[in-house]
Amino acid sequence: MSLLFRFSSVLWVLLIAVAGSTTLTSCGSEQGSSAVAEKVGGLFSSVPLGPQPLLDSTYIINTLRAEPAFKPHLATARRFYRERGFKLAWFKDHEPVEQVETLQQIIAKAQDEGLNPKEYQVKDLKKMLAEFEQAKSDSAKRNALEQQIDVALTGTYMKWGSDYYRGIANPRDNKNTAWQVKPNKIKLNKALLTFLGERKSRYNYYEFAPLHPEYDNLKKALAAYREQERAGGWPVLPASLKLRPGQSSPAVAALHRRLLGDAGSPQPAAAPTAVPVSQREGGTPSTPAAPADALYGPELVQAVKAFQQDAGLRPDGIVGGETLQALNVPIGTRIDQLILNMERWRWLPKKFEPDYLLVNIPEYTLHVVEDNKEVMKMPVIVGKVLNETPIFSDKLEYVVLAPYWNVPFSIIEKELRGKLVANPNYLDRLDMEVVKGWGAKATPIDPSSVDWANVTRENFKYTLRRRPGPKNDLGDVKFIFPNSNDIYLHDTPHDELFSQTNRSFSHGCVRVKEPIKLATYLLRKKAGWDQQTILDTISRRREKYITLKEKLPVYLVYFTAWADADGHPHFRKDIYGHDKKLAREYFN
C-alpha cells in the first residue's frame, strides 16, 4: 500500500470523525456545518505548507546595508548565514523559535546593563511578527516575511551582542588611544549559534550572562542606585560643612539620611534650639522641628569612616574637604560612573588567565591573582597627570635585583643639563655614571668628555644611570614585562609617599610598596630563590636578572568604580580624565 494512499485513508477517517462528532451535537444544523468547516480548516492549517525558504548573500547584504545600525555587522552576519548554508536561523517549521521572544525580552531590559533599549529597536519586530501570523495562509507572503524577520533578528542580535560583549565605544579608536589592553575577541557568529541552541560553548552566550563577575557586581550596584534615585536620591550637605566626631551641627540629620537612609535619632547636644524644617530642608512649617544642634555621634562616625574607605579617602571620620565633595556627588553622576565602568569590562578579554597581576590605576592598588583567586594586594604609586601610566597588558618575564636606573633623556634635558654643564662631576653626588654599551658590557666613561650643553636625544649615544643602592630611584627590585611604553613595576626609596591617599607621583612606571614580598612570591617556583637569598643578592649591589619560570600576564587597567559581590560600590577619582572622555562618547 503506497504512503500516499495510507495518508489519504487516515485523513478521510479523521474528517468523518470530526463531522460525525459535530452531527451528534448539532443534529445537522447550519451551526454544525460551520463547526465542521472550522475544524477541517484547522486540521489543514496544521500541516506544513512547503519547505522553509532559504536566503542568499545578495538578499542579506541589501537588507543589512539598508539599516545604518546593522551595516557594521554585515560581514559577521554573512559569515553566520554562509556557515549554515543560508538556512533561516529564527524559524523552524514556519514558526518562530523560542529565542525570538527571549531576545525581545533581553532588549526590553537593556537599561539594566546601562544600555538604551531604543538603540536595538531598529526594526519593529512585534509588528513584523504580527504580520507574519496574519499571512500564514499565503505561503508566498509568509515566506517573504520569514526572510525579512530572520535577517532583522540577526541584525538586532549582532547590534545588541556587539554592544553587550564588546562595548559601545571602541577602546582602540582615536578617542580612546589610552586603552591598549588586549581586546575581547568574541566571535558573534559563533555566539549566536550558542544562543540559538545549535552550538555548545564554555561561555553562557545562550542566556547573555556576564563574562566577568565584576561586571555583574557593578550591575547589582547600578540597580540599587537607580532604585535610590527613584526614591529621591540623597540630600546635599552644606558646602561649608566641617564636622569632627563629637561636634554638633544642624547638618547631622541630613548626613544621617545620606549614609544610613533616614534622619535617625542622633543624640542632641545640651539644650538644643529647635529650627523649623522649612528653614533647614525646604519643608513646610507644619513639619515637626528637629534639634538645631545634633551631636555627631559614634554610629554616624563609623558610617562616615566606612564611606571614606569606599571612596579611597583617609578614614578619619572628619566631614569636610574631599569627604564632603564625595558625599555631595549627585546620584545621577554615580550612576553614570557605574555604567562607564561596566563598559570597560566589556573591553577586556572574555576570560583572564588563572594567574595574573592587575594594577587598577585609580585605585592605586596591585592585585595578585593565583588560580582565579586574589592571594595578595598592595598599594602602588602611579604616574602623575603629566606622565600618565598607560593602560595596557603584557607578560612579566624578569625580576631584577639591585637594578640600575637608566635616567630618561627628558630628565637630563629638563633637570640635569644645566648642572652638568657647570660641573660634570656633579654626577658623583647623585651616585650616577655615564656608560657606553648595554648590560654587562657597559663601560663607564668620563662625564667631562660629554658636551652636555649641546647633547640632544639624537646625538646622545651613551646611557646615564644611577648605581644600585639606597639612592636608586628603582629601589632594590624592578619587575620587567618588556613593552614599547618602557613601563615596569619597581621599588622606591620614598616609602613615605605610600601614606598618601592620592598616589600619582611617578613618571609613569608603577612603584610597589612591598617589592621583596612580591619578588619572593614571583620566584617561589625558582629553585634557590627564597627571601633570604633575594636580600643577600640585593646587599651586594650588583645588578642581577632572574628569568621567571613562566611568563605572568600583567594588566594595567583603569576602573573608577567597582562593587563587591553583594553590589556594594566603591568609587575613585577620575585622575586622568578618562571617565570624562568616555562619557562624551558613550552618552553622546
Side-chain angles (χ1 to χ4, degrees), residues 220-338 362 499-502 560-561 563-564 566-575 579-580:
K220 293 175 186 175
L222 176 63
Y225 267 52
R226 279 185 165 152
E227 183 178 352
Q228 186 164 0
E229 184 182 42
R230 288 190 293 269
W234 48 58
V236 177
L237 301 170
S240 60
L241 182 63
K242 183 75 173 180
L243 190 60
R244 293 178 177 275
Q247 291 182 334
S248 298
S249 169
V252 167
L255 180 62
H256 198 289
R257 285 200 306 278
R258 171 66 178 87
L259 296 178
L260 299 175
D262 55 54
S265 303
Q267 295 169 277
T273 302
V275 175
V277 174
S278 59
Q279 294 179 25
R280 295 184 291 109
E281 301 164 4
T284 61
S286 60
T287 307
D293 276 327
L295 183 64
Y296 179 33
E299 180 189 21
L300 193 50
V301 170
Q302 287 304 117
V304 168
K305 288 182 177 180
F307 174 86
Q308 289 170 323
Q309 288 181 320
D310 292 344
L313 303 172
R314 190 183 306 281
D316 55 14
I318 300 172
V319 179
E322 289 186 317
T323 297
L324 182 61
Q325 291 175 15
L327 284 165
N328 277 341
V329 172
I331 192 167
T333 300
R334 289 305 192 199
I335 287 172
D336 287 350
Q337 193 173 352
L338 293 169
S499 64
Q500 305 294 317
T501 53
N502 298 317
T560 60
D564 300 337
D566 60 358
H568 181 78
H570 301 251
F571 296 101
R572 293 295 186 272
K573 286 185 177 180
D574 181 21
I575 57 176
D579 276 8
K580 290 181 180 178

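The two atoms that bring Ala311 and Arg572 nearest to each other are C-NH1, 3.3 Å, heavy atoms only. Here the shortest heavy-atom pairing between Leu313 and Ala326 reads CD1-CB, 4.3 Å. Closest heavy-atom contact between Leu260 and Ala303: CD2-CB, 3.9 Å. For the pair Gly317 and Pro245, the tightest heavy-atom approach, listed with the atom from each and the gap, is O-CD, 3.8 Å.
A 4.5 Å side-chain heavy-atom check between Val252 and Ser249 finds at least one atom pair inside the cut-off. Looking at heavy atoms from C-beta onward, Leu237 lies in side-chain contact with Leu324 at the 4.5 angstrom threshold. In this structure the side chain of Tyr296 reaches within 4.5 angstrom of the side chain of Val304, judged on heavy atoms.
Taking CG from Leu255 and CG from Leu300, the interatomic distance works out to 4.0 Å, rounded to the nearest 0.5 Å. Remark: Asp316 CG to Thr501 OG1 distance equals 9.5 Å, nearest 0.5 Å. Put simply, CD1 on Ile318 and CD on Gln247 are 9.0 Å apart, with the number rounded to the nearest 0.5 Å. Here the straight-line distance linking atom CD1 of Ile331 with atom CG of Asp336 works out to 11.0 Å at 0.5 Å rounding. One distance of note links CD1 of Ile575 with CG of Asn502; it measures 8.0 Å at 0.5 Å rounding. Within the model, atoms NE2 of His570 and CD of Gln309 stand 9.5 Å from one another, a figure rounded to the nearest 0.5 Å.
Residue pairs meeting the ring-ring contact (aromatic ring centres under 6.0 Å, His included) criterion with at least one member in residues 297-323: none, sequence neighbours excluded. For residues 227-244, there are no side chain to side chain donor-acceptor pair (under 3.5 Å) pairs, not counting sequence neighbours.
No donor-acceptor pair under 3.5 Å is formed between the side chain of Asp574 and the backbone N or O of Thr560. Not a single donor-acceptor pair under 3.5 Å links the side chain of Asp564 to the backbone N or O of Asp566. A donor-acceptor pair is defined here as one N or O able to donate and one able to accept, closer than 3.5 Å; no such pair exists between the side chain of Glu322 and the backbone of Gln308.
Listed by chain and number, the residues in a side-chain contact (heavy atoms from CB on, under 4.5 Å) with Pro235 are Ala254, Arg257, Arg258 (sequence neighbours excluded).
Cation-pi geometry between Arg334 and Tyr225 is not satisfied (NZ or CZ under 6.0 Å from the ring centre, within 45° of the ring normal).
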